[in-house]
Amino acid sequence: METHELIKALAADTKRSGMPMAFAWSGAAILAVAVAAGVFLALLGPRSDVANAMQTLRFLYKFLVTIALALSALGVLRVLSRPDAEPRTLLPYLAIAPALLFAGVLAELFAVPTSTWPERLVGSNGLVCLTFIPLIGLGPLALLLLALRHGAPSHPTLAGAVAGLAAGGVAATFYAAHCTDDSPLFVATWYTAAIAILVFLGWVGARRFVRW
Amino acid sequence: MNGADDGDLAGLFRTSLGGDEKAYGEFLKEAAALVRVWARRRAAHSGLDPEDIVQETLLAVHVKRHTWRNDGPVKPWLYAIARHKLVDALRRRGRHARVGLGEVEEELASEEAETARDWEIGRALEVLTPGQRSVVTAISVEGRTIAEAARSLHMNETAVRVALHRGLAAIAKRFGRE
């Protein structure tokens, strides 16, 4: 088939365009949060002293970090789903959540005596965290990869990893309402490891499924 | 990259996305010309046929046209797609055993002959169902309109549109994959 012949066929198919990206992303994000909420409520639910916990700075700070991660990663992901995205200009946004977390860790190190550091870091929910954040994030990750596949990322694996970050941010936000370990030392250790699992899965998933 | 130029092309693309077939044909022609120049320079020593890159890019432009931000420039978007497809093609090429020097010479000779070449798209057409293939062929090679194709194939126009749409999506998906 000659190129001018191909053009005729393409031009005749002008009316059926794909779903707009803005719509795909808002749909995927809303569904991702809904799925994460469903899995969270079915498997864990919020901790029993959640009303008291809301009065403490450490508890609230967890949400600041995880919500910042979810929003920044979703924003970057949206841009990365277009072919002409410039990844380098986007990376600073991904540093927001780690920077917040780092500030929290520093504050914690100044606020509490050295002798309590190991106990705060290890906590009592390490393995729960490592299990349930990926579990809650799996559905959201699949939805985000689906939206990514609808797009046309020039850097599919990078975008897949960012999808993992976003799913991790959403999952961690829910998980944080369950977990009683509020120290930034715990969050920096276990949440990071748990989200890294989703980042890896997103990277692998995009390699296989996000081809265009 | 000329800014005013891009504005014209973007305007044409916007009109196309509104459902204007003629504008879309014009846009694709101009896009093909741009990518052809671009691909010739880059594919020259790789043994790839630049026209394969042009066709693969046009198909990707078509199935991914919803990823264009319609208030932005169009050329960076177009070249980004072309780059993605070129890199893909080079990678595929690299995976197969490298072509020998003799083969390259042969290819060069045959290119000068400029006969009807067997482009990648020919192989992609093989994955279509017979119904899709007859619709795609009627509209592309035979140059029929949707209405004419519907009459000659004894189908209704909606069925022709659906077959064309699915057929093109299948070609785009299959293009260049082994």
What part of [X] gets within 4.5 angstrom of chain A, counting heavy atoms only: side chain, backbone, both, or neither?
X       : value
I146(B) : side chain
H165(B) : both
V54(B)  : side chain

Q: Just give me the residue among P20(A), A22(A), G151(A) that pairs up with chain B most often, heavy atom to heavy atom, under 4.5 Å.
A: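 Among the listed options, the one with the most contacts to chain B is G151(A).
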Q: Count the heavy-atom pairs under 4.5 Å between each of M21(A), R82(A), K8(A) and chain B, then report the option with the highest count.
A: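 Winner by heavy-atom pair count: R82(A).
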Euclidean distance, [Y] [atom2] relative to [X] [atom1], rounded to 0.5 Å:
X      : Y       : atom1 : atom2 : answer
L6(A)  : L168(B) : CG    : CG    : 7.5 Å
F23(A) : H66(B)  : CZ    : NE2   : 13.0 Å
R65(B) : L10(A)  : CZ    : CG    : 8.5 Å

Q: Apply side chain to side chain contact (heavy atoms under 4.5 Å, CB included) to the pair L125(B) and M1(A), showing each step before the final yes or no.
A: CA-CA 9 Å; L125(B) 276 167; M1(A) 194 191 287; 3.9 Å; yes
Q. At their closest point, which heavy atom of W212(A) faces which heavy atom of A60(B), and how far apart are they?
A.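 Looks like CZ3-CB, 4.1 Å.
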Q. Taking all atoms of both residues into account, what is the closest heavy-atom pair of P76(B) and D84(A), and its distance?
A.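 For P76(B) and D84(A), the tightest heavy-atom pair comes out as O-CB, 3.9 Å.
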Q) Quick one: does H62(B)'s side chain get under 4.5 Å of D13(A)'s, heavy atoms only? A)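 Result yes, sub-4.5 Å side-chain heavy-atom pair found.
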Q.
Can you tell me which portion of H155(A) sits under 4.5 Å from chain B's heavy atoms? Options are side chain, backbone, both or neither.
A.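 No part of H155(A) comes within 4.5 Å of chain B.
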Q.
I'd like to know if the side chain of K29(B) and the backbone of I7(A) have a donor-acceptor N/O pair within less than 3.5 Å.
A.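 Judged by distance alone, no pair lies under 3.5 Å.
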Q.
Just checking E86(A): does its CD atom have more than 12 heavy atoms from other residues, nucleotides or ligands closer to it than 6.0 angstrom?
A.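 For E86(A), atom CD is not crowded (no more than 12 foreign heavy atoms under 6.0 Å).
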Q: Would you indicate whether R166(B), at its atom CZ, is surrounded by more than 12 heavy atoms from other residues, nucleotides or ligands within a distance under 6.0 Å?
A: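 At most 12 heavy atoms, drawn from other residues, nucleotides or ligands, come within 6.0 Å of this atom.
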Heavy-atom pairs under 4.5 Å with chain A - which of [options] has more of them than the others?
options                           : answer
A149(B), S140(B), S16(B), G167(B) : S140(B)
H84(B), R69(B), K64(B)            : H84(B)
I139(B), L164(B), T67(B), L78(B)  : T67(B)

**Q.** Step-by-step side-chain hydrogen bond (donor to acceptor under 3.5 Å, both in side chains) determination, E21(B) to T14(A)
**A.** CA-CA 6 Å; E21(B) 266 185 45; T14(A) 174; over 6 Å; no
